[in-house]
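All chains are named by letter (A, B, ...) in the order of the sequence lines, taking the proteins before the strands, and each is independently numbered beginning at 1.
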2 protein chains.
Amino acid sequence: MSSEPTIRVPADFEAEFPGASRSASEVAANLSRTAAAFVSAVERWPRETANLSASAFQTLAILEGADEPLPAHVIAERLIVRSASMTSLLHTLERRGLVERHPHPSDRRKILIQLTDEARRIVDQTLPVQHAVIAAAVGDVSEADRERLITTLATIWTRLENLAERPLPIPKARRKRRTPAAARQARPTK
Amino acid sequence: MSSEPTIRVPADFEAEFPGASRSASEVAANLSRTAAAFVSAVERWPRETANLSASAFQTLAILEGADEPLPAHVIAERLIVRSASMTSLLHTLERRGLVERHPHPSDRRKILIQLTDEARRIVDQTLPVQHAVIAAAVGDVSEADRERLITTLATIWTRLENLAERPLPIPKARRKRRTPAAARQARPTK
DNA sequence: TATTGTTATACTCTATAACTATA
DNA sequence: TATAGTTATAGAGTATAACAATA
């Protein structure tokens, strides 16, 4: 497929899109592609060995990390899903014997979600693989470059957080470039 | 939520997971979070102004970029989806009046997908906003750092491509650390 | 009144398998 | 035989709205 080591953007890009930045768009494209490959690599093990989706495994990992049963709404907050979605996710995990619902001892509105031993085994096997995959993926990058990368990513992330709270920007007009195909179409058809 | 500028991993991490790398996992965590924020920022405009999902807008953008009608299987290849998923995507877009199906003039197995004027208007308005959002997000990063970032991402991506073709690794045993909660549970309950 | 969780419903996206028609 | 596309079906994920039980 697109097996170039870096994704680059054509030179006339900023002429076509006033307000755009060629280098910024190259950052965005390469960042998205690398992160997608990262996520796919990390999700591979739980999917192929335990048939667990990303959300499903994340639910187990959250419970394992908490080291104690959690009420459903707490897991929902950490996963960033609605309570109705959480109910359905927990239903799937319960059917597969990976979590159990228990009544909360003092607040009878709540249910406490507890991992089964099988779920704990899955998490214990999956986390080392995921971390090993990550270590391998970053293996060719020096420690100094890792630190630089983390810092630059943090700079971008902070800006994105601010942007998310602002209203949508007003579009600037695009100056469409003439592509060979468009020129072909524009030419009188004989 | 997790509004720290950088995500960091505890110092005892490598003791718990032999074969893992603390700095690599920090790279992975920060990369995933920043990329997710990027994708969410870029998908915001087409979703909020035209109610278009990422795949739906991508389909329109591919057609716009090609500058000529494309057969369905070509779009499916570029989107990396199965032909059946493409059919359903195109059905949704057709219902919304954004694409039209036309018979291929010479190969009667094929259909040519063409953008409507409304779809072209949407793409023309969306692309400048997306590129402006990207330029704003990366605005605080110097040109030199952008280039370094792209290079480092390419290094990681190349490794991930190789890893994807290999069989799954064998998990190394985890050395569970004692968390406060676990210690509490382990202690005799009085 | 607010919180917790469930049910019902719907829509998107993706996937597989069986199928038609065309090359 | 291989290719292009559709239909049928299924499942995961997310969303909203109405609801019951409890605080």
Candidate nucleotides [options], ranked by approach to the side chain of [X] - the nearest:
X: B/Ala84; options: D/dA2, D/dA8, C/dA8; result: D/dA8
X: A/Arg82; options: D/dT16, C/dA23, C/dT6; result: D/dT16
X: B/Ser55; options: D/dG13, C/dT4, C/dT14; result: C/dT14
X: B/Thr87; options: D/dG5, C/dA21, D/dT16; result: D/dG5

Which heavy-atom pair separates A/Arg22 from A/Val9 by the least distance, and what is that distance?
-> NE-O, 3.0 Å
Above 12 or not: heavy atoms from other molecules or residues under 6.0 Å from NE2 of A/His91?
-> no
N or O in side chain of A/Arg101 less than 4.0 angstrom from C/dT6 OP1/OP2 = yes
Look at A/His104 and C/dT4 and indicate whether a side-chain polar atom (N or O) is within less than 4.0 Å of OP1 or OP2.
-> no
Go through the N and O atoms of the side chain of B/Arg108 and the base of C/dT22, and report whether any donor-acceptor pair is under 3.5 Å.
-> no
Look at the aromatic rings of A/His131 and B/Phe17 and report parallel, tilted or perpendicular, splitting at 30° and 60°.
-> tilted
Distance, rounded to the nearest Å, where B/Leu93 contributes CG and C/dT12 contributes C1' = 12 Å
Taking A/Asn30 for its side chain and A/Ile7 for its backbone only, find out whether a donor-acceptor pair lies under 3.5 Å.
-> yes
